[in-house]
Amino acid sequence: MKYTTRQSAILLLSDGTIFHGKSIGISGKTFGEVCFNTGMTGYQEIFTDPSYFGQIMVATNTHIGNYGVNDLEIESDSIKIAGLVCKNFSFNYSREDASGSLEDYFVKQNLICISDVDTRALVSYIRDNGAMNAVICTDGTSIEDLKKELADVPNMEGLELASKVSTTEPYFFGDENATYKISALDLGIKKNILRNLAKRDCYIKVYPYNSTYKDLAEFNPDGYFLSNGPGDPDPLFGAIEVAKEILANDKPLFGICLGHQVIALANGVQTYKMFNGHRGINHPVKNLITGKGEITSQNHGFAVNKEQLDNHADLEITHLHLNDGTVAGMRMKNKNCFSVQYHPEASPGPHDSSYLFDQFVENIKLAAAKTI
């Protein structure tokens, strides 16, 4: 076995708390909001999920990197997390179909990582004190200088980040001869969402975050989709206007995560920043329509105001998070529109909620039948 000396590194939280560890990969520093994910697998999908842009991810699983990376297990074209904090980092991997090591993957994509951190203590601290900005430093910068730099990092509340991860040009996904056509607004869309739509006989045209309803309508789609993504939904004025126009024209609409929040805002229902948010692949949700429970994949730091939803004449709650009673899904009573806060594409995660894609296609069929 080859023994190497790794450089000391620190994680500095905005309240001055410091956690010590060792550097993985490149030297430097990175800033973002620190949060934790309780998933025990699927780290590559998590790292490439655009919804995590601007966030330093704390892995609660003790071992990270032990099955390497696979070129097919990505949710976007690059790593989107700002940095990684973990306990034990595996430089060696044992999966037969791995295309490389996680260490090499990080180095190629310039991701800064700190390991050998007491992640149980860190997660407990974040859980009690809330998500906050932080910096990972592996280059020896002084604490005082780091504190000054960290003070200038904007808070996630009020921060528009969809523009940082959205496509810059429209593109197509799926079989052009498919039965249904979908216009998707890319606020940070995951590849597995597109795969789930495509395998249900849909041909998707994906549009940049700042596209207009007119842009999306030129594809003459059978339905519209608003994607997941990072940041605060409140500054997404363009996307909110797109949602309003889709609803005004009574077209089938489905939203996931950030798209769900945009639909709420389009209906005058406010969103708010959560104390910690939900990030993991084992979150329990109850479907209030069927009475059934679902184990879901979740990744969000904002949520829809439940009290305003309860009092809204045209909206009803369809799903509730069973841990804290927050809104996990809703639908409109007078429009062909529904949305969920969690991730039914399950990459990573359980497949309990994949029926929602079927529901979207069924809504498209119903809308088509009405026009005949």
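The side chain to side chain donor-acceptor pair (under 3.5 Å) check on Gln308 picks up Gln270, with sequence neighbours excluded. With sequence neighbours excluded, no residue forms a side chain to side chain donor-acceptor pair (under 3.5 Å) with Ser94.
The shortest heavy-atom contact between Phe31 and Leu146 is CE2-O, 4.5 Å. Closest approach of Leu84 to Leu111, counting heavy atoms only: CB-CD2, 4.3 Å.
Counting non-hydrogen atoms of other residues, nucleotides and ligands closer than 6.0 Å to NZ of Lys181 gives a total above 12. The local environment of NZ in Lys87 is crowded, with over 12 non-hydrogen atoms from other residues, nucleotides or ligands closer than 6.0 Å.
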Any chance you could lay out the side-chain contact (heavy atoms from CB on, under 4.5 Å) test for Val165 and Ser76, step after step, and finish with the verdict? CA-CA 9 Å; Val165 296; Ser76 65; over 6 Å; no
Check the pair Asp97 / Arg95 against salt bridge (Lys or Arg N to Asp or Glu O under 4.0 Å), numbers first and verdict last. CA-CA 6 Å; Asp97 63 349; Arg95 188 168 55 156; 3.3 Å; yes
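Pairs passing the side chain to side chain donor-acceptor pair (under 3.5 Å) check and including a residue from residues 271-285, sequence neighbours excluded, read Glu33-Lys273, Thr38-Asn282, His278-Gln298, His278-His300, His278-Asp324, His283-His321. A ring pair (Phe, Tyr, Trp, His ring centres under 6.0 Å) check over residues 48-67, counting only residues at least two apart or in different chains, returns the pairs Tyr43-Tyr67. Among residue pairs with one or both ends in residues 238-271, those qualifying as ring pair (Phe, Tyr, Trp, His ring centres under 6.0 Å) are Phe225-Phe254, Phe254-Phe338, Phe254-Phe357, Phe254-Phe360; sequence neighbours excluded.
Ring centroids of Tyr207 and Tyr224 are separated by 6.0 Å or more, keeping the two rings apart. Centroid-to-centroid, the aromatic rings of Phe91 and Phe89 come within less than 6.0 Å.
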Donor-acceptor pairs under 3.5 angstrom involving side-chain atoms of residues 227-243: please list them, not counting sequence neighbours.
from   : atom 1 : to     : atom 2 : distance (Å)
Ser227 : OG     : Leu185 : O      : 3.4
Ser227 : OG     : Leu187 : N      : 2.8
Ser227 : OG     : Gly188 : N      : 3.4
Asn228 : OD1    : Lys190 : N      : 3.4
Asn228 : ND2    : Ser51  : OG     : 2.8
Asn228 : ND2    : Gly188 : O      : 2.8
Asp232 : OD1    : Asp234 : N      : 2.9
Asp232 : OD2    : Gly158 : N      : 2.6

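Checked against Ile317 for a side chain to side chain contact (heavy atoms under 4.5 Å, CB included), the options Ile289, Val304, Asp310 give a single hit: Asp310.
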